[in-house]
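One structure below.
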Amino acid sequence: TSYSEAGIRRAWSFQWFAEIETVVDENTILLKQPTRVDLNVSENATCALMPMLENIIISDLRFESNWKGGYKHHATKEADYGWSAIGLHRAKNSTVRNIVIDNYTQGVQLVNSRNNIVEQVKIIGVPGHYSVKLYHSNDNLFQDITVTAVRTHGPSVEGISMGNVF
């Protein structure tokens with residue numbers, strides 16, 4: 001199932017954000033790193049350009065919300081997903097560093113992202129859903145993450161996420 005149809009069909013799709021080293025000809029590309037799974041060409045695999053934000057730095061900040069708490073897992077979408085501190089979507093070669101996240105139900109999310117560093121993050125305050133979360137994100141480094149706020153899920157990985165280090 002293609003990336004664009006997967007959500008509509010509620011079907012599995014393999015999404016791996018690769019970087020192209022060289023375009024050899026109109027039918028051949030050389031990737032900067034090998035794929036981590038065998039790709040079967042009989043599955044009608046496609047390649048698509050996915051523009052990404054690059055070299056984002058979020059550093060030396062405190063995020064504090066007015067969320068009063070009352071969190072219960074999956075009680076409401078607002079409580080589960082409505083209070084997110086940092087979300088990087090389609091980001092590469094970026095850094096989140098020296099951050100305090102106070103009174104959010106979600107801390108740091110990387111979605112469709114690669115080659116990022118998240119470090120020196122403190123998650124404090126009221127109970128919530130996630131501390132740090134990856135979704136379809138590869139080759140990211142998480143280090144020195146301190147979570148004192150109660151979370152339903154600790155570090156979480158969803159979708160096809162490979163090569164991440166916690």
Taking side-chain hydrogen bond (donor to acceptor under 3.5 Å, both in side chains) as the definition, give me every residue that meets it alongside [X], ordered by chain and number, with sequence neighbours left out.
X	answer
Asp25	Thr28
Thr22	none
Asn55	none

Does the [X] side chain pair with the main chain of [Y], one donor and one acceptor, at a distance under 3.5 Å?
X	Y	result
Ser131	Val147	no
Asn103	Gly125	no
Asn98	Ser59	no
Ser161	His136	yes
Thr95	Ile117	no
Asn164	Leu134	no

What I'd like to find out is whether the side chain of [X] reaches to under 4.5 Å of the side chain of [Y], using heavy atoms alone.
X	Y	answer
Val118	Ile145	yes
Ile99	Phe63	yes
His89	Asn112	no

Same cluster for [X] and [Y] if Ile/Leu/Val/Met/Phe/Trp/Tyr side chains link at under 4.5 Å?
X	Y	result
Tyr81	Val111	no
Val96	Leu141	no
Val132	Ile58	yes

field: Pairs involving residues 143-166, ordered by first then second residue, that meet ring pair (Phe, Tyr, Trp, His ring centres under 6.0 Å) (sequence neighbours left out)
entry: His73-His153, His129-His153, Tyr130-His153, Phe142-Phe166
Could you state the interatomic distance from [atom1] ([X]) to [atom2] ([Y]), rounded to the nearest 0.5 Å?
X	Y	atom1	atom2	result
Lys133	Leu110	NZ	CG	11.5 Å
Ser137	Leu88	OG	CG	9.0 Å
Thr152	Gln106	OG1	CD	10.5 Å
Ile86	Ile56	CD1	CD1	11.0 Å
Leu30	Glu19	CG	CD	12.5 Å
Met52	Asn93	CE	CG	8.5 Å

Which residues pass the side chain to side chain contact (heavy atoms under 4.5 Å, CB included) test with [X], sequence neighbours left out?
X	result
Asp139	Gln33, Arg36, Arg114, Asn115
Val150	Pro127
Thr76	Glu78, Ala79
Asn66	Lys68

statement: Sorted by chain and residue number, the salt bridge (charged side-chain N to carboxylate O under 4.0 Å, His left out) partners of Lys122 (sequence neighbours excluded) come out as none
field: Set of salt bridge (charged side-chain N to carboxylate O under 4.0 Å, His left out) partners for Glu64, sequence neighbours left out
entry: Arg62
message: Enumerate the side chain to side chain donor-acceptor pair (under 3.5 Å) contacts for residues 141-151, please, sequence neighbours excluded, ordered by first and then second residue.
response: Glu119-Gln143
task: Could you please spell out the steps behind the side chain to side chain contact (heavy atoms under 4.5 Å, CB included) verdict for Val121 and Ile101?
output: CA-CA 8 Å; Val121 174; Ile101 297 171; 4.1 Å; yes
- request: Output the rest of the hydrophobic cluster of Ile124: all Ile, Leu, Val, Met, Phe, Trp and Tyr residues reachable through side-chain heavy-atom contacts under 4.5 Å, sorted by chain and number.
  value: Val100
statement: Tightest non-hydrogen contact, residues Gly107 and Ala85, listed as O-CB, 3.5 Å
